[in-house]
Amino acid sequence: MTTANQGTRVLVLNSGSSSVKYQLLDMRDASRLAVGLVERIGEETSRLKHSPLATGGATREQNGPIADHEAALKAVAAELAADGLGLDSPELATIGHRVVHGGLKFSAPTVITDEVLAEIERLVPVAPLHNPANITGIRTAQALRPDLPQVAVFDTAFHTTMPESAARYAIDIETADAHRIRRYGFHGTSHAYVSRETARLLGKAPEDVNVIVLHLGNGASASAVRGGRCVDTSMGLTPLEGLVMGTRSGDIDPAVTFHLMRVAGMSADDIDVLLNKKSGLVGLCGDNDMREIRRRCDEGDEKAQLAFDIYIHRLKKYIGAYYAVLGKVDAIAFTAGVGENAAPVREAAVAGLEELGLAVDGELNAVRSDRPRLISPEYARVAVAVVPTDEELEIAQQTYALVSPALNS
């Protein structure tokens, strides 16, 4: 039996290029003891917001320069210590790190060693925006607590179960293998958590359920999950492929890049910025906030309406494609910021798909809740669900499950 003095707390760190999100959880009951965010690291306008949930105290905020990730994590440690939750506590069992790209080598949470860190570094060319920040967070946390087991939980891991027919691109195999070009997929912790929670909502085991998960936030991805295992996903080598997103184009003819180089004189870097930061909803109508886009649609704004229609058209294509991949679908689950909160998106995505057994009940769809719930009418053959994602809890659970046997041996 695990007891408090054996360590039941997990600190989850999500290190971005200029930010650190964190949560401290007690795995006895999965309760959150503290949550926070450090943003604009390296700038004069850095900010740390810390919420001490264990004490019920008010959120605290610090404003002022935070030079680097080491300074950021030291500031986080000080905030936790002020609540009696310091990193030096014997109740802290482990630190779990979100790592965006694990390639093919990492298909499960992994205790971080020098060899693991070196492999994460080798993957930087296929995740240049994310893996370097993840590495910085890991090294900083290791310096603060070198005695503590630390675990990498990979965004790509859930998707390593895809068959080669789904993961391979139809390009020269030797070239692809030499440069690690294939579909890896992302948002894996969210897809894993939501597919499992959807099965729970239906009163079934994950291995008995086929689910299409729609993770719709500023970044957006879809997955086809058969019996708890991912068999296809919309993001690819990078998070650019797939659905229309806040600032990313999603699927596009690769020849567009050649055309822009030849005709517009754009460089590879110019096109990278265009497709990742100036496309998607913001490129179509100037807004990437779905609430603002819907407001503009209601006022008759044609650009906003076109952006919404393109967004929904792509979403429906993926629903239909993954329905075909799975053959039998038990549920479609909407999650993340847009998926959980934008009732018009859910309604429009399912509209016209009645022949596939899909329908949304207007009254149920309009209800706002932070609980998993069904929004389909009782007669629908396929359940339509809204399942709030919890990537931090998923990371904490995977991390603690890996290290707890050693703690209790």
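Bear in mind the structure is a predicted one, so any value in this text is a computation, not a measurement. Values below: all heavy atoms of this structure, side chains included; hydrogens, waters and symmetry mates excluded.
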- Task: Evaluate side-chain hydrogen bond (donor to acceptor under 3.5 Å, both in side chains) for Tyr169 paired with Glu241, printing each intermediate quantity in order.
- Result: CA-CA 12 Å; Tyr169 292 111; Glu241 188 180 0; 2.5 Å; yes
Sorted by chain and number, sequence neighbours left out, salt bridge (charged side-chain N to carboxylate O under 4.0 Å, His left out) with Asp309 holds for none
request  = I would like to know whether His50 and Asp83 meet side-chain hydrogen bond (donor to acceptor under 3.5 Å, both in side chains); could you show each step before the answer?
outcome  = CA-CA 10 Å; His50 175 85; Asp83 301 319; 2.6 Å; yes
Please determine, by modelled atom types, if Asp253 and His259 share a side-chain donor-acceptor pair under 3.5 angstrom.
no
Inset, instruction - Answer yes if the side chains of Glu91 and Ser89 hold a donor-acceptor pair under 3.5 Å, and no otherwise. - result: no
Across all chains, not counting sequence neighbours, the side-chain hydrogen bond (donor to acceptor under 3.5 Å, both in side chains) partners of His215 are Ser190
Residue pair Tyr318 / Asp232, side-chain donor-acceptor N/O under 3.5 Å: no
State yes or no: are the ring centers of His101 and Phe154 separated by less than 6.0 Å?
no
>> With a 3.5 Å distance limit and no angle check, can you tell me whether Ser234 reaches the backbone of Ala222 through a side-chain donor-acceptor pair?
In response: yes
Give a yes or no on whether the backbone of Gly102 and the side-chain of Thr156 come within a donor-acceptor separation of less than 3.5 Å. yes
Could you go through Ser221 and His187, starting from their C-alpha distance and side-chain angles, then the distance that decides it, and tell me whether this counts as side-chain hydrogen bond (donor to acceptor under 3.5 Å, both in side chains)?
CA-CA 7 Å; Ser221 61; His187 295 145; 2.7 Å; yes
**Request:** Verify, without hydrogens or angle tests, whether Ser376 (side chain) and Ala383 (backbone) share a donor-acceptor contact under 3.5 angstrom.
**Result:** no
Open item on the list: Working note: Thr335 + Glu340, criterion side-chain hydrogen bond (donor to acceptor under 3.5 Å, both in side chains); need CA distance, chi angles, decisive distance, verdict.
Closed with: CA-CA 5 Å; Thr335 194; Glu340 294 171 26; 3.2 Å; yes
Main-chain N/O of Pro52 paired with Thr55 side-chain donor or acceptor, under 3.5 Å: yes
For the backbone of Ser279 and the side chain of Ser249, can you confirm whether one donor and one acceptor N or O come within less than 3.5 Å of each other? no
Just checking, is any N or O donor in the side chain of His191 or Ser223 under 3.5 Å from an acceptor N or O on the other one? yes
Between Ser31 and Asp29: side-chain donor-acceptor atoms closer than 3.5 Å | yes
message: Regarding Ser51 and Thr59, do their side chains bring together a donor and an acceptor under 3.5 Å, going by distance alone?
response: yes
Any luck finding a side-chain donor-acceptor pair between Asn341 and Arg368 under 3.5 Å? yes
Please answer whether the main-chain N or O of Val282 pairs with a side-chain N or O of Asn288 as donor and acceptor at a distance below 3.5 Å. no
